[in-house]
Amino acid sequence: MRRNSSETKRKILTACVRLFLEQGYKNTSVSQIVDEAGVARGSYLNLFPTKDKILLDLVETMFSGQFSVARSIADQNLPPIFAYAVETSIQLTLTELNENLREIYIEAYSVPDTAEYIYLHTTAELKQIFGANFPDYSDSDFYEMEIGTAGLMRNYMARKCDIHFPLERKLSRFLTAAMRVYLVPEEKQARVLAFIGSIDIRKLAVTVMHKLFAMLEMKYDFKLSTDGEAEVT
């Protein structure tokens, strides 16, 4: 019985992840999921009462994967604040490459369970990077600050780049706001922004996206029909 349940869960997750990436999170219905997975609707509802529960599984994989891939292709000798800027810039750029990824990330930052995962996942990293600026702050303090900067991230993701708000400006605005929250000195802010402006963040993000999709295909055992790559303004 447990083996059957595990196999049903695997089929559902495989169907969901492929459908989310190919046609979008909101456009994917329960009927499509059960048809694609070849499982009974009741079995699906027993395992996943809402799509949000599936999203959490996907987000856990995506976030661990995106940061590990970003670190693997970025300069390993970068100071922590520069690595943070690269990672967050790549994440913002990913949402400009693929509209379905944009929707998944926005949902991830909006749904309580997935947002909580992001807060907890990021808190330790923020404390390590910015702890010297707040010597008396606890994990809880950084958790509370992350709620605010995660909100900034979500809102910048939701605003699609165009000729009036190009990617470079979006990255600069977000990074400046975040670094001010974490009391990064103005001179260091300028160096971080200059560094981000000097690298090909689009190329890095495309590499991350392809590796992320490959990792998801391997984990969930499916093949995407398209990677959805798009031009970035």
Side-chain angles (χ1 to χ4, degrees), residues 1-70 90-119 121 150 153-161 202 205-232:
M1 182 70 174
R2 183 174 298 173
R3 182 180 299 173
N4 289 340
S5 177
S6 176
E7 178 63 14
T8 298
K9 182 178 181 180
R10 185 193 67 78
K11 289 180 179 178
I12 291 170
L13 286 171
T14 296
C16 285
V17 173
R18 189 180 71 77
L19 289 169
F20 291 170
L21 290 173
E22 287 189 348
Q23 66 182 36
Y25 177 79
K26 291 181 179 177
N27 286 335
T28 299
S29 67
V30 173
S31 296
Q32 287 177 311
I33 292 169
V34 297
D35 287 346
E36 176 77 14
V39 302
R41 190 182 186 92
S43 299
Y44 165 84
L45 293 174
N46 283 335
L47 289 167
F48 298 104
T50 67
K51 282 198 298 183
D52 295 352
K53 299 300 181 184
I54 299 171
L55 182 65
L56 179 59
D57 189 282
L58 173 58
V59 167
E60 289 175 355
T61 303
M62 286 176 61
F63 269 77
S64 62
Q66 77 178 20
F67 287 124
S68 63
V69 172
I90 286 175
Q91 191 177 162
L92 281 166
T93 306
L94 281 172
T95 63
E96 299 299 324
L97 298 176
N98 184 293
E99 286 303 307
N100 292 333
L101 270 182
R102 186 197 303 276
E103 185 183 39
I104 289 170
Y105 276 106
I106 291 171
E107 288 296 316
Y109 277 94
S110 304
V111 174
D113 285 348
T114 49
E116 180 69 9
Y117 170 82
I118 294 170
Y119 302 154
H121 183 83
M153 175 69 83
R154 183 210 176 278
N155 289 335
Y156 276 110
M157 284 178 168
R159 173 58 165 82
K160 187 176 181 179
C161 288
R202 294 170 178 80
V206 168
T207 301
V208 170
M209 182 177 71
H210 289 165
K211 290 188 176 183
L212 181 60
F213 284 171
M215 182 187 68
L216 291 169
E217 288 175 340
M218 184 176 296
K219 176 175 178 178
Y220 294 105
D221 191 23
F222 69 91
K223 187 68 178 176
L224 288 170
S225 62
T226 176
D227 64 14
E229 186 179 333
E231 290 294 322
V232 185

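Along the sequence shown, the residues carry numbers beginning at 1.
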- Query: Will you find, in the side chains of Asn98 and Tyr105, an N or O donor that is under 3.5 Å from an N or O acceptor?
  - Reply: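 No donor-acceptor contact under 3.5 Å links the two side chains.
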Could you pull out the closest heavy-atom pair between [X] and [Y], with the gap in Å?
X: Ala150; Y: Tyr119; answer: CB-CE2, 3.6 Å
X: Ile118; Y: Ala108; answer: CD1-O, 3.6 Å
X: Leu97; Y: Val206; answer: CD1-N, 3.7 Å
X: Ser31; Y: Arg41; answer: OG-NH1, 3.5 Å

- Give the intermediate values and the outcome of salt bridge (Lys or Arg N to Asp or Glu O under 4.0 Å) for residues Glu96 and Arg102. CA-CA 7 Å; Glu96 299 299 324; Arg102 186 197 303 276; 3.1 Å; yes
- Item | Derivation of the side chain to side chain contact (heavy atoms under 4.5 Å, CB included) call for Ile54 and Tyr25 | CA-CA 10 Å; Ile54 299 171; Tyr25 177 79; over 6 Å; no
- Report yes if some heavy atom in the side chain of Thr114 is under 4.5 Å from a heavy atom in the side chain of Asp52; otherwise report no.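 Side-chain contact under 4.5 Å: no.
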- Message: Within the structure provided, determine whether Phe48 and Ile33 are in side-chain contact (heavy-atom separation under 4.5 Å).
- Response: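 Side chain of Phe48 against side chain of Ile33, heavy atoms only: no contact under 4.5 Å found.
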Interatomic spacing from [atom1] in [X] to [atom2] in [Y] - rounded to 0.5 Å:
X: Leu216; Y: Leu58; atom1: CG; atom2: CG; value: 6.0 Å
X: Asn100; Y: Glu22; atom1: CG; atom2: CD; value: 9.0 Å
X: Leu94; Y: Gln91; atom1: CG; atom2: CD; value: 7.5 Å
X: Cys16; Y: Lys53; atom1: SG; atom2: NZ; value: 14.5 Å
X: Met209; Y: Arg202; atom1: CE; atom2: CZ; value: 13.5 Å
X: Asp57; Y: Lys219; atom1: CG; atom2: NZ; value: 5.0 Å

- Message: If we ignore hydrogens and angles and just use 3.5 Å, is the side chain of Glu36 paired with the main-chain N or O of Ala15 as donor and acceptor?
- Response: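 No.
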- Item | Candidate list Arg154, Lys26, Lys51, test salt bridge (Lys or Arg N to Asp or Glu O under 4.0 Å), partner Glu107, passing option |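 The salt bridge (Lys or Arg N to Asp or Glu O under 4.0 Å) with Glu107 is passed solely by Lys26 among Arg154, Lys26, Lys51.
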- Who pairs with Tyr117 by ring pair (Phe, Tyr, Trp, His ring centres under 6.0 Å), at least two apart in sequence or on another chain?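 Tyr117: ring pair (Phe, Tyr, Trp, His ring centres under 6.0 Å) contacts with His121.
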